[in-house]
Amino acid sequence: MLSVQFTYGQEETYSDSLQEHNFVDKVIDVITYHGENVNIVTYPMAGFSEQEGFSAGLMPVFTFKEKNPEKRQNTRFNRPTTFIPSILVSTKGLFNVDASLIMFGLGKWNMYFTGVYQYVPNVYYGINEAVPSDTVNYFNRRFSSFGEVQYEISDTFFFGARYDIQYNEITDVEDTYLNATVEGYNGGFSMGIGPEIRVDTRDNIVYPTKGGLLAIAFTPYLSFTGNDYNFWYFFTEFSQFFSIKNNKNVIGVFAAFHMLDGDIPFYYLNTLGGSKRMRSIAQPNRFIDKNYYMAQVEYRRHLFWRLGVVGFAGVGNVYGSNGTNAFENVKYTVGAGIRFQLVEDMKLNFRIDYGFGNYDQQGLWLTTREAF
């Protein structure tokens with residue numbers, strides 16, 4: 001699956017390996033515009049996931065530079081403002097149009113907004129069934145907007161609010177296993193808003209080589225705001241990065257815990273699989289439930305020119321429904337991947353990852369940006 005929501009920034013690269021431009025470098029330069037205050041790169045997108053099949057699309061990325069040269073040079077952290085619209089289609093019927101705006105440096109205020117229209121193929125396996133009794137293909141038509149507004153208490157500590165607005169319509173259900181007895185079968189409107197805290201010491205938000213990120217948020221979806229379902233959502237996520245000798249060798253660790261409670265539509269339940277979580281689980285909805293935890297570690301190695309490799313391992317689970325507990329049927333992932341740096345002076349990678357794990361799971365992902 002090709003990721004269509006991401007931040008984008010400049011990064012110290014290994015210029016010795018990129019000084020001599022070959023044919024690939026020259027082709028990439030053609031799709032890049034360098035202005036005084038903005039860089040524009042238009043990417044053709046291609047990807048693959050079991051859920052969506054082969055996908056293709058177009059994604060221009062606008063990266064706005066800090067206008068004050070002195071402030072640009074003195075900052076310890078690379079946090080550019082970006083605007084990213086995109087369109088994506090796939091062989092299994094996916095149609096996705098979205099746009100995201102990430103704004104830094106508005107005084108002490110930082111903001112992130114995204115809007116999405118998505119018609120996406122899915123499979124329903126039931127709620128956290130180790131061996132599903134049946135499966136159902138369906139499509140989810142979704143209109144959504146997500147945003148965060150954060151106030152910079154210090155250069156690493158942020159406090160603010162996040163919102164999530166969605167309208168989901170479940171269509172083209174192929175079997176009665178997914179029926180009106182399943183919460184969320186009729187789709188509906190959801191709107192949540194709540195507080196969020198972030199501590200961000202990463203040296204770069206696209207490809208960190210040191211520092212970390214801690215995020216904690218609570219979002220209630222209450223009936224008085226027009227919700228068709230009344231529930232709440234809590235999450236905390238932590239990541240930390242270490243360079244070994246130099247920035248060519250980076251180790252990243254990630255841990256997360258998410259919790260839901262209330263009348264939760266099935267399409268809001270926590271998913272265990274995906275291109276950024278347990279990468280052995282090719283169908284993100286294969287394991288879904290109220291609560292979710294996982295931990296993963298990844299070694300990232302730059303080889304030469306624009307090429308790099310990674311190795312990763314993770315463990316996690318979803319639980320809470322049907323009497324399941326956190327340590328019942330725990331899943332694991334082991335895998336490796338290849339990285340290709342898309343732009344000479346920006347450490348944004350195209351990645352190919354393959355993971356395998358228990359429960360006869362294996363996944364292949366072609367996408368952009370690191371998993372965490």
Side-chain angles (χ1 to χ4, degrees), residues 3 5-18 39 41 61 63-82 84 100 102-106 108-112 148 150-160 196-216 236-256 276 295-303 306-312 337 339-351 368-372:
S3 173
Q5 292 184 4
F6 63 86
T7 54
Y8 194 88
Q10 293 180 329
E11 165 72 0
E12 178 185 354
T13 59
Y14 314 108
S15 57
D16 291 344
S17 62
L18 297 179
N39 291 338
V41 186
V61 178
T63 306
F64 298 90
K65 304 174 185 177
E66 170 59 53
K67 293 183 178 180
N68 186 333
E70 182 177 346
K71 185 177 179 180
R72 190 189 309 171
Q73 293 176 359
N74 292 337
T75 183
R76 291 189 298 144
F77 307 102
N78 193 357
R79 297 166 177 160
T81 293
T82 59
I84 308 167
S100 62
I102 304 152
M103 304 175 67
F104 290 95
L106 298 178
K108 292 285 187 178
W109 294 95
N110 300 318
M111 303 178 187
Y112 167 64
E148 298 176 347
Q150 298 176 345
Y151 184 76
E152 185 178 315
I153 306 297
S154 69
D155 58 0
T156 61
F157 182 71
F158 304 86
F159 177 78
E196 181 178 28
I197 296 173
R198 284 180 178 263
V199 180
D200 190 353
T201 62
R202 297 171 297 172
D203 59 340
N204 187 284
I205 59 176
V206 175
Y207 191 88
T209 62
K210 61 182 178 181
L213 173 66
L214 172 66
I216 303 172
T236 180
E237 294 185 349
F238 172 76
S239 58
Q240 186 70 39
F241 303 90
F242 310 90
S243 295
I244 304 174
K245 294 186 179 180
N246 54 51
N247 288 351
K248 290 186 176 183
N249 299 277
V250 177
I251 291 179
V253 295
F254 172 86
K276 295 186 175 183
Q296 61 180 319
V297 59
E298 183 169 288
Y299 170 65
R300 302 168 181 173
R301 166 67 182 178
H302 174 257
L303 297 176
R306 298 177 184 267
L307 296 178
V309 294
V310 306
F312 56 87
R339 299 294 182 266
F340 178 81
Q341 185 178 327
L342 290 170
V343 181
E344 180 177 349
D345 59 349
M346 297 179 183
K347 198 67 167 72
L348 175 70
N349 287 326
F350 178 78
R351 64 182 171 100
T368 55
R369 203 187 175 202
E370 305 309 316
F372 61 94

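Not measured: the values here are computed from a predicted model. Excluded from the calculations below are hydrogen atoms, water molecules and symmetry mates; all remaining heavy atoms, backbone and side chain alike, are included.
In this structure the side chain of Phe340 reaches within 4.5 angstrom of the side chain of Leu307, judged on heavy atoms. Put simply, the side chain of Arg300 reaches to within 4.5 Å of the side chain of Tyr207, judged on heavy atoms. In this structure, Arg198 and Leu213 have side chains that are in contact, with non-hydrogen atoms separated by less than 4.5 Å. Counting heavy atoms from C-beta on, the side chains of Ile251 and Ile244 come closer than 4.5 Å. The closest side-chain heavy-atom distance from Arg202 to Phe241 is below 4.5 Å. Here the side chains of Phe372 and Glu298 are in contact, with some heavy-atom distance below 4.5 Å. Taking the side chain as every heavy atom from C-beta outward, Met111 and Glu148 never approach each other to under 4.5 Å.
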Practice prompt. Could you give me the CA-CA distance, side-chain angles and deciding distance for Ile197 and Phe157, then say whether side chain to side chain contact (heavy atoms under 4.5 Å, CB included) is met?
Written response: CA-CA 8 Å; Ile197 296 173; Phe157 182 71; 3.5 Å; yes
Worksheet item: Given Val310 and Arg301, is the side chain to side chain contact (heavy atoms under 4.5 Å, CB included) satisfied, shown in steps?
Response: CA-CA 6 Å; Val310 306; Arg301 166 67 182 178; over 6 Å; no
Discussion item. Under the criterion side chain to side chain donor-acceptor pair (under 3.5 Å), I'd like the reasoning laid out for Asp200 against Thr156: C-alpha separation, chi angles, the key distance, then a yes or no.
Written reply: CA-CA 5 Å; Asp200 190 353; Thr156 61; over 6 Å; no
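Shown here for Val250 and Asn247, the closest heavy-atom pair between the two residues is CG2-O, 3.7 Å. Across all their heavy atoms, Gln240 and Gly211 have their closest contact at NE2-O, 3.1 Å. Nearest approach of Ser243 to Thr209, heavy atoms of both residues: OG-O, 2.7 Å. A pairwise comparison of heavy atoms in Gly337 and Phe312 identifies N-CE2, 4.4 Å as the closest pair.
No donor-acceptor distance shorter than 3.5 angstrom exists from the side chain of Glu237 to the backbone of Ala255, with no hydrogens or angles considered. For the pair Asn349 (side chain) and Arg351 (backbone), a donor-acceptor distance under 3.5 Å is absent. Checking side-chain atoms of Thr201 against main-chain N and O of Gly212 turns up a donor-acceptor pair under 3.5 Å. In terms of modelled atom types and a separation under 3.5 Å, the side chain of Gln296 and the main chain of Lys276 share a donor-acceptor contact.
By the 4.0 Å N-to-carboxylate-O rule, Glu370 lies close enough to Arg339 to be salt-bridged with it.
Side-chain contact annotation: Tyr151 with Asn110, donor-acceptor N/O pair under 3.5 Å absent.
Rounded to the nearest 0.5 Å, atoms CZ (Arg306) and CZ (Phe350) are 14.0 Å apart. Taking CG of Asn246 as the start and NE2 of His302 as the end, the distance is 10.5 Å to the nearest 0.5 Å.
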